Student: 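Sharing a structure below in structure tokens format, with a few things to ask.
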Protein chains: 2
Amino acid sequence: MSVGDTEKSTSDRGRLDKRRAIVEAALRVFARVGYAQASLDMIAAEAGVAKPTIYNHLGSKENLFRHVMTETAARANGKTMEVLESFPGEADGLRPGLEDVAGKLVACYTDEQSQAVRRLLYAEAVRFPDLFDQVRASGPDQFIEALAGRLARLANAGHLRIEDPVRAANQFIALVYEELPTLSTFGSRPLDSREAEKVAVAGVDTFLRAFGS
Amino acid sequence: MSVGDTEKSTSDRGRLDKRRAIVEAALRVFARVGYAQASLDMIAAEAGVAKPTIYNHLGSKENLFRHVMTETAARANGKTMEVLESFPGEADGLRPGLEDVAGKLVACYTDEQSQAVRRLLYAEAVRFPDLFDQVRASGPDQFIEALAGRLARLANAGHLRIEDPVRAANQFIALVYEELPTLSTFGSRPLDSREAEKVAVAGVDTFLRAFGS
DNA sequence: GTGAAAATGAACTGATGAGTTCAATTGCCT
DNA sequence: AGGCAATTGAACTCATCAGTTCATTTTCAC
């Protein structure tokens, strides 16, 4: 029996790229109707694939869900981490620099796939608590650490007055995202991006009122 | 006549407040396993009631869920609004007053039933979008308005420097709750209340750094 | 007491959906 | 062209569960 065939990358036997099609279709279907309501027949139809093919590649509905979540979350988290590369390092242009970062973070947050994963993780946190932890540990937790490092550097250079960088980092994102989740009904409806941008700028303003030097 | 025996004795038939027992049991079961995974047999067993009795009182699973959500949310929202009665009206003792309010809000937020409803609302936002809207309109939206009013009064009296009270209210709760949701995996696991308290105090501190006069 | 209303348990229906099987087909490699 | 593996469709098994039915039992108001 083909047991742990972790990746089939070694031999690209005459397979079409069914696997990717399945995962992408699954994300769409899961996002649209939720985990419990998504049937494998739906997903197979959406992917343009026969049902047994799904089992060939991914084994079970639960396994498929895990793959979809971790893969999509990894992609979304990667984009979020990239935002920090444009983080301001000098006091010069600090406010516009932070506003730029905040705007990009909001864009990442409101990205369709990103919202879909987040919503599904919340929705299924009872059924898949380990998945929730795993994604958080590899994403948000690392991001907060990285952001805290950037803030600490600014504070160290005297450009900000911050005692607890991790707390400041959490408060920064709390201020920037503010009521984004409720505004979009947790991603289940579109969000006015101009409104989101204003929230982000206001968040930066409050952050600087509190921590600017 | 076993006194203090809350469990139904073998002969507990007939009419009593079955309806309340059903709704309470349903909340527990829904919170424990989610809407889709909760069967009416489970709920009936948990309530100590026969399955047809549930249909007598509440008609259908969907209807039962709606009742459970709206009733529990109304109770939780009521408690949250009560917190505002102890909102400080004078500059005198402003910080401890706000810290007190923040602590109580965190307590409301982390209340077991409150978290259960919130988690279920998020989880089922795709299936019951109207329910989400209804609860939010009757709860959080009104709360933000009320909080904004209190803040505006303080600002008007010169005790705070606030231009946009609604935004300030949103930022206040964003700072106070901060990462509570992720800390508790959206309510699916217990939360260290000392840690939550520290987050709240830090949130008030940042709020006052930004808006204090 | 008596009788109607409410509650019970147990069995039943119908639908849905995960996961499997398999013979037939397709695409790709040498 | 031959061959191998992936793919396909369709039918099938098995389990779960919402919602119903009904004959029986219990409670309570009178």
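Keep in mind it's a predicted model, so treat the numbers as computed, not measured. In what follows, chains are A, B, ... by sequence order, proteins preceding strands, each numbered from 1.
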Student: Only pairs at least two apart or in different chains count here, so list each salt bridge (charged side-chain N to carboxylate O under 4.0 Å, His left out) that has a residue in residues 65-81 of chain B.
Tutor: B:Arg19-B:Glu71, B:Glu62-B:Arg66, B:Arg66-B:Asp130
Student: With side chains defined as the heavy atoms from C-beta onward, is the minimum distance between B:Phe143 and B:Leu105 less than 4.5 Å?
Tutor: yes
Student: With sequence neighbours excluded, what pairs up with A:Phe65 under the ring pair (Phe, Tyr, Trp, His ring centres under 6.0 Å) test?
Tutor: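 Only A:Phe30, A:Tyr35, A:Phe128 meet the ring pair (Phe, Tyr, Trp, His ring centres under 6.0 Å) criterion with A:Phe65.
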Student: Does B:Thr53 make a side-chain N or O approach to OP1 or OP2 of C:dA7 shorter than 4.0 Å?
Tutor: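 It does not, given that no N or O in the side chain of B:Thr53 lies less than 4.0 Å from OP1 or OP2 of C:dA7.
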Student: Using whole Å, report how far CG of B:Leu64 lies from P of D:dG19.
Tutor: 10 Å
Student: Measure the distance from OH on B:Tyr55 to P on C:dT8 and round it to the nearest whole Å.
Tutor: 15 Å
Student: Expressed as a whole number of angstroms, how long is the span from A:Glu62:CD to C:dG17:P?
Tutor: 18 Å
Student: Which sits closer to the 5' end of DNA chain C, A:Pro52 or A:Tyr35, going by the nucleotide each is nearest to?
Tutor: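 Its nearest nucleotide being more 5', the pick is A:Tyr35.
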Student: Whole angstroms only, please: what is the CG-P distance between A:Leu58 and C:dA18?
Tutor: 14 Å
Student: Rounded to whole Å, please give me the gap between CD in B:Gln37 and P in D:dT16.
Tutor: 11 Å
Student: Taking side-chain hydrogen bond (donor to acceptor under 3.5 Å, both in side chains) as the definition, give me every residue that meets it alongside A:Lys104, ordered by chain and number, with sequence neighbours left out.
Tutor: A:Ser86, A:Asp100
Student: Kindly determine whether B:Val201 and B:Asp205 satisfy side chain to side chain contact (heavy atoms under 4.5 Å, CB included), including the steps that lead there.
Tutor: CA-CA 6 Å; B:Val201 170; B:Asp205 185 59; 5.6 Å; no
Student: To the nearest Å, give me how far apart CZ (A:Arg20) and P (D:dA6) are.
Tutor: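 These atoms are roughly 19 Å apart.
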Student: Separation of A:Ile54 atom CD1 from C:dG17 atom P, in whole Å?
Tutor: 14 Å
Student: Of the options D:dT7, C:dG19, C:dA7, whose atoms approach the side-chain atoms of A:Ser60 most closely?
Tutor: C:dG19
Student: How far apart are the closest heavy atoms of A:Ile54 and A:Leu40, and which atoms are they?
Tutor: CD1-O, 3.9 Å
Student: How far apart are the C-alpha atoms of B:Glu99 and B:Arg95, what are their side-chain angles, what is the distance that settles it, and do they pass the side chain to side chain contact (heavy atoms under 4.5 Å, CB included) test?
Tutor: CA-CA 6 Å; B:Glu99 284 175 354; B:Arg95 178 180 294 264; 3.7 Å; yes
Student: Expected output is a numbered-order residue list: members of residues 38-51 of chain A with a heavy atom under 4.0 Å from any atom of DNA chain D. What is it?
Tutor: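 DNA chain D contact set from residues 38-51 of chain A: A:Gly48, A:Val49, A:Ala50.
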Student: According to a 3.5 Å limit on both distances, what stems of 3 or more consecutive Watson-Crick or G-U pairs are formed with DNA chain D?
Tutor: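 For DNA chain D the paired stretches long enough to count as stems (3 pairs minimum) are C:1-30 with D:1-30.
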Student: Could you give the CD1-to-P distance, from A:Ile22 to C:dG19, as a whole number of Å?
Tutor: 14 Å
Student: For B:Arg32, does the CZ atom sit with more than 12 other heavy atoms under 6.0 Å from it, leaving out its own atoms?
Tutor: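 Yes - once you tally the heavy atoms of other residues, nucleotides and ligands closer than 6.0 Å, there are more than 12.
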Student: Which nucleotide in the list C:dA7, D:dA18, D:dT7 gets nearest to the side chain of B:Lys61?
Tutor: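 The answer is D:dA18, which lies nearest to the side chain.
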Student: Could you note down all residue pairs passing salt bridge (charged side-chain N to carboxylate O under 4.0 Å, His left out) where residues 137-155 of chain A supplies at least one of them, sequence neighbours left out?
Tutor: A:Arg136-A:Asp141
Student: OP1 or OP2 of D:dA6 sitting under 4.0 Å from any side-chain N/O of A:His57?
Tutor: no
